[in-house]
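Let me begin by presenting the structure, written as structure tokens, before commenting on it.
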Amino acid sequence: MPARKTRRLLATETRGFHPRYLLSKVLMAPLPPYTGGRLRRYLLRLAGFSIGSGTVILGSPTIVGARPLHQHLVVGEDCYLGLGCFFDLADHIVIGDRTTLAPQVMLLTGTHEIGSGIARRGPLLTRPVTIGSGVWLGARSIVLPGVNIGDGAVVAAGAVATEDVAANSVVGGVPARLIRYLDEG
């Protein structure tokens, strides 16, 4: 294989390689899932991620995306990230203060255009996701690219947020629909 082709192959295959994040994962691996939540925050901060004080992280989140990975995620203060959360950082994700992500929540910022009949997966499209302050995302809920979740909103377990969610509202279902509004207090 010619040297130029080899370099191109290596560049393509290592595009998702993030040494600081991988080191933090190695250091988090021995921690039992329900202990060391603040230590995980510290290790991810050392990897360059912006994670506010008081935030607790259970288990090791799955974080994938573009370089520089750590510049695409901002987590506010006093947040709670449950076991098995998944962050697709093809674009930016911003999470406000006092927000709870229950187990296995997925925040996705990348999708694809629909291509021709020869290959339906077209070019990559990225859109940021913003989660407001005081939000509760239920277990296994999914937030799709470009969606904004307003302050104080609740996304029910298993719901798929395909469009913006109003502040102080409860949504549920697939796709997520308004269930009711909540008091601001």
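Index from 1, following the sequence. Keep in mind that the numbers below use all heavy atoms, side chains included, and drop hydrogens, waters and symmetry copies.
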Is it the case that the side chain of [X] and the backbone of [Y] share a donor-acceptor pair, with hydrogens and angles ignored and the cut-off at 3.5 Å?
X    : Y    : value
T62  : F86  : no
R38  : G54  : no
D164 : V147 : no
Y21  : I63  : yes
S133 : D97  : yes
S141 : M106 : no
R40  : I57  : yes

Item to check | Intermediate values then yes/no, side-chain contact (heavy atoms from CB on, under 4.5 Å), L124 and T111 | outcome: CA-CA 6 Å; L124 177 67; T111 187; over 6 Å; no
Report yes if the side chains of [X] and [Y] come closer than 4.5 Å at any heavy-atom pair, otherwise no.
X    : Y    : answer
P68  : R20  : no
I131 : L107 : yes
Y80  : L58  : yes
L83  : P33  : yes

In Å and rounded to the nearest 0.5 Å, what is the [atom1] to [atom2] distance from [X] to [Y]?
X   : Y   : atom1 : atom2 : result
L22 : L27 : CG    : CG    : 11.0 Å
L39 : S24 : CG    : OG    : 10.5 Å
Y42 : M28 : OH    : CE    : 13.0 Å

Next on the checklist: Is a donor from one side chain sitting under 3.5 angstrom from an acceptor on the other, for T109 and D91?
Outcome noted: no
Checklist entry - With a cut-off of 6.0 Å (strictly less than), are more than 12 heavy atoms of other residues, nucleotides or ligands near CZ of R140? => result no
Item to check | With sequence neighbours excluded, residues passing side-chain hydrogen bond (donor to acceptor under 3.5 Å, both in side chains) with T130 | outcome: N148
Next on the checklist: Working note: L46 + L44, criterion side-chain contact (heavy atoms from CB on, under 4.5 Å); need CA distance, chi angles, decisive distance, verdict.
Outcome noted: CA-CA 5 Å; L46 285 178; L44 287 172; over 6 Å; no
